[in-house]
Amino acid sequence: MSPLLHRPFGTHGKVHEITPASAGWRFVGFSLYRLRAGETVAETTGAREVILVMVEGKAALTGAGQDWGVLGDRMSVFEKTPPHCLYLPDGSDWQATATTDCTIAVCSAPGHGGHAPRRIGPEGITLTQRGEGPNTRFINNIAMENEDYCDSLLVTEVFTPAGNWSSYPSHRHDEDDFPRITYLEETYYHRLNPADGFGIQRVYTDDLQLNETMAVHDGDVVCVPRGHHPCGAPHGFEMYYLNVMAGPLRKWRFVAADHVRHL
């Protein structure tokens, strides 16, 4: 199995935990909880900022000294309704108590104390189309560059219809050379509908020194340290992914693959 591909530890509790140390990079962290109704988890952000994304289900959330009430609405991510999220700066404690079975993503990156805690969504998040034809996909922007909510984090959801490509045309963001390109590490948390389906993700550099092609299944996480990283959803299988990006500059600038530029 590719070292970039991470299968969930199980079906309950903390089923993913990717840290900069475990990924061999500097910025992005990603973990995922799958809780049963009534269960509670709690963490401290330390030197990192976080966005908690209610992927599915509902939970009562407290954080940074505030009670944020019950967040969450969709019971299946494939309802495609806007997510309920919570941004917490570095130096925060948080706690989540599941009021239904739920899935909570913890997206993290270095925090610098530059932003206050806040709810993100569902207001202000609109499902928008990107691409056309077999390159069509649909985006829920949670905290991308236009949303000045965070010090480092860039977070978005993408829904790829069955038979389509996504994160395409192939592109990379692996050099710190703004405004031409920015260095951004990235994780993909994948879901498939139906859940026994699969998708394809390739991660490769122009010189093919990195060249990994992976079958991704429901619940998998792919780390993208560098290179291009397109995804394909076979006919009959709808694909969702939650992207987390971060780097030294909170801007998303990318360069297309050589073979794409020559089309």
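Predicted model, so just to flag it, every value in this text is computed and none were measured. Start at 1 with the first residue, then count along the sequence.
- Close placement of the Phe159 and Tyr240 rings is indicated, their centers lying within 6.0 Å of each other.
- A cation-pi contact, defined as under 6.0 Å to the ring centre and within 45° of the axis, is absent between Arg253 and Tyr183.
- For His173 and His229, the ring centers are positioned less than 6.0 Å apart.
- For Glu186 and Asn243, the side-chain atoms include at least one donor-acceptor pair closer than 3.5 Å.
- Gly38 approaches Thr97 most closely through the heavy-atom pair O-CG2, 4.2 Å.
- A heavy-atom distance below 4.5 Å is not found between the side chains of Glu157 and Ile139.
- You'll find the side chain of Glu49 reaches within 4.5 Å of the side chain of Leu153, heavy atoms only.
- There is no side-chain donor-acceptor pair under 3.5 Å between Asn164 and Thr136.
- Shortest non-hydrogen contact noted between Val15 and Gly10 is CG1-O, 3.3 Å.
- Taking the six-membered ring for Trp and the full ring otherwise, His171 and Phe254 have centroids separated by under 6.0 Å.
- When all heavy atoms are compared, the tightest approach of Ser108 to Val50 is CB-CG1, 3.9 Å.
- Looking only at side-chain heavy atoms (C-beta outward), His190 and Asp218 stay at 4.5 Å or farther from each other.
- When all heavy atoms of Gly29 and Pro20 are compared, the pair lying nearest together is CA-CD, 4.5 Å.
- What you find for Ala37 and Asp101 is that their closest heavy atoms are N-OD1, 3.0 Å.
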Worked verdict on Arg118 versus Glu147 for salt bridge (charged side-chain N to carboxylate O under 4.0 Å, His left out): CA-CA 12 Å; Arg118 63 176 296 154; Glu147 291 83 40; over 6 Å; no
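- In this structure, a donor-acceptor pair under 3.5 Å is present between the side chains of Tyr33 and Glu43.
- Contact check on Asp90 versus Arg48 returns no salt bridge, with no Lys/Arg side-chain nitrogen under 4.0 Å from an Asp/Glu carboxylate oxygen.
- Taking both residues in full, the closest heavy atoms of Cys150 and His115 are given as O-CE1, 2.9 Å, listed atom of the first, atom of the second, then distance.
- Between Glu17 and Phe9, the closest side-chain pair of non-hydrogen atoms falls below 4.5 Å.
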| request: Apply salt bridge (charged side-chain N to carboxylate O under 4.0 Å, His left out) to the pair Glu56 and Arg34, showing each step before the final yes or no. | output: CA-CA 9 Å; Glu56 291 173 327; Arg34 295 191 62 184; 5.9 Å; no
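- Other residues, nucleotides and ligands contribute only 12 or fewer heavy atoms inside 6.0 Å of the CD atom of Glu132.
- Two rings, from Tyr189 and Tyr241, have their centers 6.0 Å or more apart.
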